[in-house]
Every structure is written in structure tokens, then in C-alpha cells.
2 protein chains.
Amino acid sequence: MVTRDEVAREAGTSTAVVSYVINNGPRPVSAAARKRVLDAVAKLDYRPNELARSLSSASSSVIGLIVPDVTNAYCGELALAVENSALARNHTLLLGNAMHDDERQARHLQTFLAQQVQGIVFIGSTYGDEMFRPETKRVLQGSKTPLVFLDRSTTEFGATSVLVDNRGGAYAATSHLLEHGHTSIAGFAGSSGLSSVRERRDGWADALIARGLDPADQQTFESAFDRYDAFAVARVMFANGNWPRAIFSHSDEQSIGIFYAAAQAGIRVPEDLALVSFDGIKEAAIVNPGLTTARQPIARVGELAVDQLLAAKAGTPSELRQEMLPVTLEIRHSCGCH
Amino acid sequence: MVTRDEVAREAGTSTAVVSYVINNGPRPVSAAARKRVLDAVAKLDYRPNELARSLSSASSSVIGLIVPDVTNAYCGELALAVENSALARNHTLLLGNAMHDDERQARHLQTFLAQQVQGIVFIGSTYGDEMFRPETKRVLQGSKTPLVFLDRSTTEFGATSVLVDNRGGAYAATSHLLEHGHTSIAGFAGSSGLSSVRERRDGWADALIARGLDPADQQTFESAFDRYDAFAVARVMFANGNWPRAIFSHSDEQSIGIFYAAAQAGIRVPEDLALVSFDGIKEAAIVNPGLTTARQPIARVGELAVDQLLAAKAGTPSELRQEMLPVTLEIRHSCGCH
DNA sequence: TTGAAAGCGCTAACAA
DNA sequence: TTGTTAGCGCTTTCAA
């Protein structure tokens, strides 16, 4: 392994100068010296040891990302968006799947902290109504590592969050179904406890109320934010003779589970059941029928997450904190359009 | 931040002793001293800096994982399997999505190397018939970092691989379709250049030949290993009046894309089109109809990948290298059964 | 503009 | 069984 010392020797300079040119600072370097160093670097194929750099500079180019489960299409797309954004800023991702297990989440968290990550991005982290169990909270409280929550508004632990207009999106989606003439719209919600679920439920209720309908009169269902659990819940739902004719589902993943259950039960979408949902994952465009959904700006969310993290580390009291991103209703055919 | 020095002071021992108890070696420590250290650690809530440990010990608890695209269900499940396995051995994952872009892949690779990862696991890495572009090869050649290829047999760069019985699985899947009485079976292949694609194509051909059928007489299609590209290819396929009545598709992801295209074209599975595929992702069980597929032991693949990596680092000339894992035909309804 | 040198937090060889 | 100490590869202060 080639080290900085060898480069310095080859270039005939001190090791400090090598650092100055590699880091482009903090001291100026003469053009001649810079060239000699660069030549030596090329000749020896020198690659700085990031570990040593981080240790010495007390800063790292690694960002931790904790997701519930990458296997989930929405999480996967978000993780990819975060990676794209991290890459653009010369950072890498340490990934942890929490798998809806708070012990596993805590473990990832501690590992990331021990690895001296630059910051940690959390996606949809919640256990019960609390975000973390007490032990985890203590760890977080004692750390100065920047935290960013996606889709979860909180300023605990000095965290920042990237928010999307859950309530507005749910309102738009539900209203669209109402405009199709439906007079009752079931709510197929994500796991309670999540603020996004509360907000989407509120948007759905708002839309009903705006039409003089009572949310309390509607059927409601609940499943985890994934196609498998939604599939299981939907099967039970369809087994009941009285299944709803219109549904606002809290996520595309859940909608896909509902689609599968409907297909199995011989129920046609949108003829027998109209469906709209939330997220706007890629798959919404190719499922049959195309899924009408309130689309989140996923790429933008990933971008802001990394921006906020780096701003927090830099100590910049970013105006980005708690920004609320817009959600757009993407109309396809599951709602009955066409 | 609490350091080892503070722990030593609190425990009234030397810093070496603190290291010995934390690392459980390499020197023995008296029970009394151990207790004092442990108490100090607990009292101060000390957490070792992994960066410093790695730098000093020239070994790391981080493993790099390069996948084509986590957004792909198969990749996601494999990534999760690798994480599970890494977690069980107290390691963490640095994740990189190559996105079918060799420059991006090379970048991840270099970053991982700079981060001094313990080793790198590659999933389905191929560009053209080569695995890497020349520049990347040079980097790899110059590195002593253990490499593990999933589903790609090679011993270049001193790498190890975890193989599955692609040919046998494809043979079993195709044969099953043949037993249903089909006299021609189209091949819906993954991207050429991948060894797994070659092997699955061979297995399909073997089965046809065993029945006296000529593979050259069959229709063949090709798409990337994902539902989106398969969807696009399948749409064109169905637009042609002469679409096949039985297909062996190289992956479940592709089968799902075919399902979507079929649904859109009003083609029923399995009545109008019988389908079998490969991989055995979770979703195969809930799609409609259930997907008959040659299932890979995904969890076991992830386990072996990490085992081989750590064995390689330890210098253990592992007997695990190049092990070939069995594939099981999982019969559901897409083939026409029931 | 450059160089010498003191760390960053930890491991482990060596001496006791 | 314990302590001292020399690094690991790099950053950055301080003096030149």
C-alpha cells in the first residue's frame, strides 16, 4: 500500500505539502510543487486511506442510512435517491435494514456511530408512538452526530426532517375518487404510530368532510407499509361480502398487495373496485391497471436529506430544515379514469 | 467523546489492559482488572472508535456490497441476506448501486477500497462479456482485498464465488412446462454476457433436447433482469400475433413484467400463456397466479458470501470456494398446475 | 510557501 | 499479568 510518505519522498517535498495539494488546502502550494506531487501520485497510483483521513480530521465521508426494509420498493427507491445524492457530494452509504425490529435498529445506529459516520438518515422509523426505545434515545442524546428524519417531523436530538405534503396528497387522491361519484371511500392505512399515516388519514378525512361525508362511517383497514402484509389484510377484506367499492390506500406497496388479492378473488379494478394511493413508485406505471397515486418527489427527498446532513455538520443553520415538499396526483386508471 | 485513555484512568489500569479486555486478547487479564475496566466502560458509556481500531489493526468490520440496483426485488432480497449474515458476524455493509453503469461501479469500488473495507461482495456484475473495464481491473489487481462474486464463476483477482445450479434449475423448470404437454417453449432471457444467463439458457436447451425438441426452433427474447425492461419487451412480444404459449423466463422479476404486459394485453396466465421462471423471490408467492419458479437458496447465498469473505481475509484456504448451491422447483399455478 | 512535528484513538510488540 | 510505547496514515498547527 502506497502511503503519503512515499509520495512525499517521490515528489521531493514534505508530507504536509502532499496533504495541501490533495485536500486543496488549507495552505497554498506553488504550482511547481503541486505538479511534482500530482505526478508522484499518478506514478505511484496513490490512494489516500480514508480511515486515516477521517480519524485525523474528525470528519467522515460516510453517511449512515437506516431503512425499515430495502426489499420494499418505496424504501429501495428512496435509498437509491439518497445514494445518488450522496455520490454527487462524494459520500458513501452505510446501509442498515431495521426490519421493524427496534433492537436491530438500535444496533445499526450504534455501529454507525462507532464508525464515526458524518450523519444518519432515518426512513420511516417508528416503534409504537415513540420513535425510539429509551435506551436508543440515550445514545442519540449523547451524540453530536447530525440526524435527518425522512417523512417524520421532529426536532428531537437536534434533528432535521424532510417532509412531504401527506395531508394534501391524501386529500387530492381521495377527492379524485369522490369526483368519480363514489359516496364512500374506505381507508386502507399504514401502521398507526407513524406521523405520515396520521397525516394521510387526516387528508382522507378532510376530503370526505368537504363532501359532507362522515369519515367515521367509512370502512377502514390497516396493514404495514408493504405488499405482503397488505395482501394478507386485503384477502380477509375481500372474503367479507361487504368489501368496499373505492379505497384510498396509504401507499403504492399496499395497493399492489390489494391488486394481488383482488385478482385472486376475481375482483376487477377499477370496474368493481376503484383505488388510489400514495408514493408514486416506478411500478405504479406498469401495474395493471395503472395506479392513480399521489406522487412524492422521491429524488428531491433524497437530495434534501443529504444536503441537510452536510449543512448540519458544517454548522450551517440551514433554512432547509423542515421544508415541506409538494405531492402531485398522478392520474392513471385504477381510479376509473379513461 | 470518551476515549480509551479516560477508561484506563477511571479503571486505574494502563490503556493496554483496556484494549486486552475489549478485544478479549491478545494478552490475558486478571479477573479483577477486567471487572474494573468493564465497570469503567459502563460508567463512562465508552464506545470504541471503530475508525481508530481499523487503522491500527489494519482490519475492518465493514464489508462493501455492490449490486446492480437495490430497487430490484431479487437484489434487495440478496442484499438483505448479506446484511443478515454480516450482522451475525458483527460486520456492517457499505452499499453501492452500480445502476448498470460501469463508471459508477468503478467509483463505488474505489471508494470501498479507500475505506479499507474487509472485502467486497459483487452481485451480478458484468459489462459486456467482461466483468470489469480495464481500468477497474487494474485497481483490483493491485489490491489484496478479498472479493466474492455472487452467481458468477471466476477466480480472477483471487476471488471466490457463490454459485447456484443455474443449469439444473432451468432444466427442471423447462421440463415441468414440457410435462404439461407444451411442444414449444420460448426462452425469455436475461442480458447476454452474464454467466448465469448462459447457464440458464443451457438448462432450457438441455430440457428441450431431452424431449427431442430443437432449441433453435424456439422463440427467444431478451431483457435486463428487471420487471420494467421485461415489461417493455413483453409488450412488443404480445403485440405480435404470434406470441408464445409457454415461456421459461430467466428471473421472477422478468416474469412479473411479463405478467403486467399480459394483463394489459388481455392475455390470461396460465390459460393462454404458461410461465415458469427462476429465483424464488417472495413476491412469486403472492402474484396472481402464483409463480412456478426454480428457487435459489437466497439466505444461504448471503451467508456463504460473508463466510468466504472472512475466510479469505483470515487466510483460511476455505473449502467453501466455488461451492454450487442447489435450486428447487417451487410449483404454483403460472405453469398450469391445479 | 514550506517543513517539522504533534496529535487523532487505538493495537500490540516488547519489556517488566 | 501489566505497563510503556511505537506506530497505523493522515491533518494541521506552528515556526521558518
Side-chain angles (χ1 to χ4, degrees), chain A residues 1-38 40-41 44-62 111 113-118 143-145 313, chain B residues 1-38 40-41 44-62 111 113-118 143-145 313:
Chain A
M1 176 186 216
V2 182
T3 69
R4 186 204 49 169
D5 284 46
E6 302 171 46
V7 174
R9 194 175 317 127
E10 174 75 27
T13 63
S14 72
T15 57
V17 170
V18 178
S19 269
Y20 299 155
V21 358
I22 285 182
N23 301 328
N24 207 18
R27 303 283 74 154
V29 174
S30 68
R34 158 165 285 114
K35 178 170 183 347
R36 291 207 312 282
V37 169
L38 259 17
V41 164
L44 302 178
D45 195 26
Y46 169 66
R47 296 146 191 293
N49 180 327
E50 278 298 321
L51 248 39
R53 283 184 119 200
S54 300
L55 179 61
S56 180
S57 66
S59 82
S60 152
S61 59
V62 175
T111 305
L113 257 17
Q115 294 287 349
Q116 316 297 121
V117 296
Q118 184 79 292
S143 128
K144 276 308 299 165
T145 306
K313 192 66 177 200
Chain B
M1 176 186 217
V2 183
T3 69
R4 187 203 48 169
D5 284 43
E6 301 171 48
V7 174
R9 194 175 317 127
E10 174 75 27
T13 64
S14 72
T15 57
V17 170
V18 177
S19 268
Y20 300 152
V21 357
I22 284 181
N23 301 327
N24 207 18
R27 303 284 72 152
V29 174
S30 68
R34 158 164 286 114
K35 179 169 183 347
R36 290 209 310 281
V37 169
L38 260 16
V41 164
L44 301 178
D45 196 27
Y46 169 68
R47 297 146 190 293
N49 180 329
E50 279 298 322
L51 248 40
R53 284 182 122 206
S54 300
L55 179 62
S56 181
S57 65
S59 84
S60 152
S61 59
V62 174
T111 305
L113 256 19
Q115 294 288 347
Q116 316 296 119
V117 295
Q118 184 78 294
S143 128
K144 276 307 299 163
T145 306
K313 191 66 177 201

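Lettering follows sequence order; numbering is per chain, from 1.
- The shortest non-hydrogen separation linking B/Val29 to B/Tyr20 is CG2-CB, 3.4 Å.
- Shortest non-hydrogen contact noted between A/Glu10 and A/Ala40 is CG-CB, 3.5 Å.
- Of the candidates D/dT2, D/dT12, D/dC10, the closest approach to any side-chain atom of A/Pro26 belongs to D/dT12.
- OP1 or OP2 of C/dC10 has at least one side-chain nitrogen or oxygen of B/Tyr46 nearer than 4.0 Å.
- Shortest non-hydrogen contact noted between A/Glu6 and A/Leu44 is O-CD1, 3.8 Å.
- If you check the side chains of B/Ser60 and B/Gln115, you find no donor sitting under 3.5 Å from an acceptor.
- Non-hydrogen atoms lying under 4.0 Å from DNA chain C are contributed by B/Asn49, B/Ala52, B/Arg53, B/Ser56, B/Ser57, all within residues 49-60 of chain B.
- Rounding to whole angstrom units, OH of residue A/Tyr20 and C1' of C/dT2 are separated by 7 Å.
- Atom-to-atom, CG of B/Asp5 to C1' of C/dC8 comes out at 11 Å; the value is rounded to the nearest Å.
- Side-chain atoms of B/Arg27 lie closest to D/dT2 of the nucleotides D/dT12, C/dT2, D/dT2.
- Rounding to the nearest 0.5 angstrom, the gap separating the OG1 atom in A/Thr3 from the CZ atom in A/Arg47 is 14.5 Å.
- Residue pairs meeting the side chain to side chain donor-acceptor pair (under 3.5 Å) criterion with at least one member in residues 21-30 of chain A, sequence neighbours excluded, are A/Asn23-A/Arg53.
- Rounded to whole angstrom, the span from the CD atom of A/Gln115 across to the C1' atom of C/dG9 amounts to 14 Å.
- When all heavy atoms of B/Val37 and B/Val7 are compared, the closest pair comes out as O-CG1, 4.3 Å.
- Atom pair B/Asn24:CG and D/dT1:P shows a separation of 13 Å (rounding to whole Å applied).
- Looking at which nucleotide of DNA chain D each of A/Pro48 and B/Ala31 is closest to, the 5′-most match is held by B/Ala31.
- Checked against D/dT1, C/dG3, D/dG3, the side chain of A/Ala16 finds its nearest nucleotide in C/dG3.
- Among the protein residues, A/Ser19 comes within range of the nucleic acid bases, having at least one heavy atom under 4.0 Å from a base atom.
- Atom-to-atom, CZ of B/Arg9 to P of D/dT2 comes out at 19 Å; the value is rounded to the nearest Å.
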